[in-house]
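Residue numbers begin at 1 in each chain, while the letters A, B, ... track the order of the sequences.
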Protein chains: 2
Amino acid sequence: MDTLPGKTVERLSQYRRRLLNLLDDNVEYIFSHELAEIIQISAVQVRRDLMLLGFSSVHRKGYPVEMLIEVIGQRLDDEKEQNVAIIGMGNLGTALASYLNGIRPKLKIVALFDIDKKKEGMEIVGVKCYPFSELGKVIKSKRVSIGVITVPQTSAKKVAAQLVKNGIKGILNFTHIPLNVPSNVSLEEYDMITSLEKVAYFVKESQEK
Amino acid sequence: MDTLPGKTVERLSQYRRRLLNLLDDNVEYIFSHELAEIIQISAVQVRRDLMLLGFSSVHRKGYPVEMLIEVIGQRLDDEKEQNVAIIGMGNLGTALASYLNGIRPKLKIVALFDIDKKKEGMEIVGVKCYPFSELGKVIKSKRVSIGVITVPQTSAKKVAAQLVKNGIKGILNFTHIPLNVPSNVSLEEYDMITSLEKVAYFVKESQEK
DNA sequence: AATTAGTTGTTATTTATTTCACATTTGTTT
DNA sequence: AAACAAATGTGAAATAAATAACAACTAATT
């Protein structure tokens with residue numbers, strides 16, 4: 001079974017979240033164009049993504065919502081749980097901790113870290129905060145495979161190196177510092193300043209027309 | 001002069017930020033492979049992007065840093081300032097306000113908004129917080145062209161509609177709710193849950209190999 | 001029972017983005 | 001001054017992603 005394109009993975013993640021909502025509303029079936037409408041993309045795009053899952057609709061009824069959620073999960077989720085740590089409990093880290101916590105049963109936020117010793121032992125959304133010095137120990141004891149970096153720019157590289165050294169498998173980097181990690185570590189970077197500059201550029205362009 | 005590809009805009013934004021650092025360190029020239037190394041991309045990619053700017057190196061010395069910053073600015077920035085408002089002063093909004101504030105001279109954070117009346121009049125990184133009810137008024141008086149949405153999921157659509165109604169030109173959406181805006185409004189969406197699920201997927205995949 | 005209409009799955013096409021490959025230019029070395 | 005080396009700029013090729021186009025299937029309608 002082939003690895004899915006990154007863009008498809010992104011959309012599947014979004015499909016699933018919408019479908020879970022629909023399930024709550026007791027929607028049993030959904031057409032590609034309906035799902036497309038919700039996500040604001042094209043119906044072909046939806047069908048193509050689902051085709052990559054080998055998932056078919058029930059003729060003239062659409063895709064069965066519950067089963068589709070199940071199939072997306074089979075493809076996206078690890079069978080066992082994946083444990084996540086967030087490093088840096090400033091505003092951004094705190095926001096992420098509450099955003100991400102509990103949102104997916106197979107993705108558990110199991111540890112938070114901060115350099116500030118005062119935060120030691122504190123709980124945010126029910127997850128314990130450890131001092132940075134215990135990073136290695138906790139990663140091992142809690143089997144953390146994914147690290148989310150939300151520390152100040154200056155410590156980003158150091159934190160990434162520590163994570164890698166302690167066997168982390170994936171990093172989600174929210175600092176503006178591009179990281180350099182071994183190829184066996186999955187890396188996803190997100191730079192908020194770049195996003196803002198991008199919007200600003202297209203605003204400017206659209207006004208010049 | 002053609003509109004640049006979105007990906008190129010993203011990289012130009014990053015080049016510029018690194019170049020500004022280099023300038024502080026009195027670096028006068030930089031080779032494509034050096035800049036590439038810093039951003040963790042290929043040298044060809046850098047040269048191609050700069051080619052789109054019509055910007056040439058000084059033979060065997062590399063690209064003049066200061067002039068390159070200037071040229072990127074000419075292309076990315078609006079001549080006049082672009083004013084930005086952040087709507088939703090929870091942890092995420094607060095983090096963004098301090099991240100983004102002052103980072104680019106031509107992109108000014110001029111207003112913050114929150115539903116909570118207690119925050120009215122408060123200042124975060126020197127920017128004033130207004131109650132949500134004054135959105136329209138402030139957008140007009142401060143000539144806000146870009147809105148950053150960091151409110152809870154449930155209010156995202158309402159806020160977006162308000163922004164659009166008040167003539168906003170660009171939206172950066174940090175909620176998980178896909179927004180539907182008229183085509184004359186530039187929209188950039190960023191979903192942190194999707195990013196985390198994406199890393200998790202590629203971690204899983206890499207372990208299966 | 002035949003026709004219409006809605007929806008899918010998939011191949012083919014188009015568009016966007018990245019990478020390759022290399023001729024070109026000129027500083028440096030012999 | 002010839003040979004070499006370091007980089008660039010760019011056409012051509014490759015890869016990735018999105019869209020179009022349409023045959024096929026079947027529920028509903030006539």
Side-chain angles (χ1 to χ4, degrees), chain A residues 2-15 19 27-65 67-68 71-72 75 178 183 187-189 194 198 201-202 205, chain B residues 2-15 19 22 27-65 67-68 71-72 75 178 183 186-189 194 198 201-202 205:
Chain A
D2 271 357
T3 296
L4 298 167
K7 296 281 178 169
T8 295
V9 173
E10 288 176 20
R11 284 187 300 262
L12 289 175
S13 156
Q14 303 194 325
Y15 299 155
L19 291 168
V27 176
E28 289 189 52
Y29 291 91
I30 189 168
F31 293 124
S32 62
H33 66 263
E34 292 172 324
L35 190 48
E37 164 81 35
I38 294 172
I39 316 278
Q40 294 292 307
I41 57 174
S42 75
V44 198
Q45 187 78 84
V46 171
R47 297 205 299 273
R48 187 155 270 295
D49 288 333
L50 300 190
M51 187 184 118
L52 293 177
L53 295 183
F55 188 75
S56 292
S57 69
V58 175
H59 216 96
R60 289 225 132 200
K61 291 181 96 173
Y63 300 88
V65 173
M67 209 179 298
L68 181 49
V71 169
I72 292 176
R75 200 64 183 278
S183 66
L187 178 63
E188 188 65 24
E189 315 213 41
T194 289
K198 192 175 172 191
Y201 172 75
F202 286 107
E205 284 297 302
Chain B
D2 271 358
T3 296
L4 299 166
K7 297 278 178 168
T8 295
V9 173
E10 289 176 18
R11 284 186 300 263
L12 288 175
S13 155
Q14 302 194 324
Y15 299 156
L19 291 168
L22 292 169
V27 176
E28 288 189 52
Y29 292 91
I30 190 167
F31 293 123
S32 61
H33 65 265
E34 292 172 323
L35 189 49
E37 163 82 34
I38 295 172
I39 316 278
Q40 295 290 309
I41 57 175
S42 76
V44 199
Q45 186 78 86
V46 171
R47 297 205 298 274
R48 238 216 202 267
D49 288 334
L50 300 190
M51 189 183 118
L52 294 177
L53 296 183
F55 188 75
S56 291
S57 69
V58 175
H59 217 98
R60 288 226 135 199
K61 292 181 96 171
Y63 300 88
V65 173
M67 208 180 300
L68 181 48
V71 169
I72 292 175
R75 201 64 186 276
S183 66
S186 304
L187 177 63
E188 189 65 26
E189 315 213 40
T194 290
K198 191 175 171 191
Y201 172 75
F202 285 107
E205 284 297 301

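- Taken residue by residue, residues 38-46 of chain B places heavy atoms nearer than 4.0 Å to DNA chain C at B/S42, B/V44, B/Q45.
- A straight line from CG of B/D2 to C1' of C/dT17 spans 16 Å, rounded to a whole angstrom.
- Contact check for A/R75 versus A/L4: side-chain heavy atoms found under the 4.5 Å cut-off.
- Protein chain A contacts DNA chain D over a range whose 5' and 3' limits, counting nucleotides with an atom under 4.0 angstrom from a non-hydrogen atom, are D/dA17 to D/dA27.
- With rounding to whole Å, A/L53 atom CG is found 15 Å from C/dT8 atom P.
- Put simply, the side chain of B/I38 reaches to within 4.5 Å of the side chain of B/L22, judged on heavy atoms.
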Q: Report the C-alpha separation of B/D49 and B/L53 in whole Å, then their side-chain angles, then the decisive distance to 0.1 Å, and conclude whether the side-chain contact (heavy atoms from CB on, under 4.5 Å) test is met.
A: CA-CA 7 Å; B/D49 288 334; B/L53 296 183; over 6 Å; no
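- Put simply, CG on A/L52 is 14 Å from C1' on C/dT11, counting in whole angstrom units.
- Contact of the B/L19 side chain with the B/I72 side chain is registered, since non-hydrogen atoms from C-beta on lie closer than 4.5 Å.
- Two residues are said to be in side-chain contact when any heavy atoms from C-beta on lie closer than 4.5 Å; B/L52 and B/L12 fail this criterion.
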**Q.** Under 4.0 Å protein heavy-atom contacts per nucleotide of nucleotides 23-30 of chain C, with B for base, S for backbone only and - for none
**A.** --BBB---
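- A distance of 10.5 Å separates OH in B/Y63 from CZ in B/F31, rounded to the nearest 0.5 Å.
- Between B/L68 and B/Y15, the closest side-chain pair of non-hydrogen atoms is not below 4.5 Å.
- Phosphate proximity of C/dC20 to B/R48: absent, as no side-chain N or O sits under 4.0 Å from OP1 or OP2.
- Going from atom CZ of B/R47 over to atom P of C/dC22 covers 14 Å, rounded to whole Å.
- Taking 4.5 Å as the limit, some side-chain heavy atom of B/R11 sits within range of a side-chain heavy atom of B/I41.
- For A/L35 and C/dT7, the CG to C1' distance is 14 Å, given to the nearest whole Å.
- Backbone-only engagement by A/Y63 is indicated by non-hydrogen atom pairs under 4.0 Å involving sugar-phosphate atoms exclusively.
- Between B/F202 and A/L187, every side-chain heavy-atom pair lies at or beyond the 4.5 Å cut-off.
- For A/F31, the listed nucleotide lying nearest its side chain is C/dT8; candidates were C/dA12, C/dT10, C/dT8.
- Within 4.0 Å of A/S32, counting heavy atoms only, lie sugar-phosphate atoms of the nucleic acid but no base atom.
- Separation of atoms OG (A/S32) and CD (A/E34) is listed at 8.5 Å; rounding is to 0.5 Å.
- Rounded to whole Å, atom C1' of C/dG6 lies 17 Å from atom OH of A/Y29.
- Residue-environment remark: CD (B/E28) stays at or below the threshold of 12 foreign heavy atoms within 6.0 Å.
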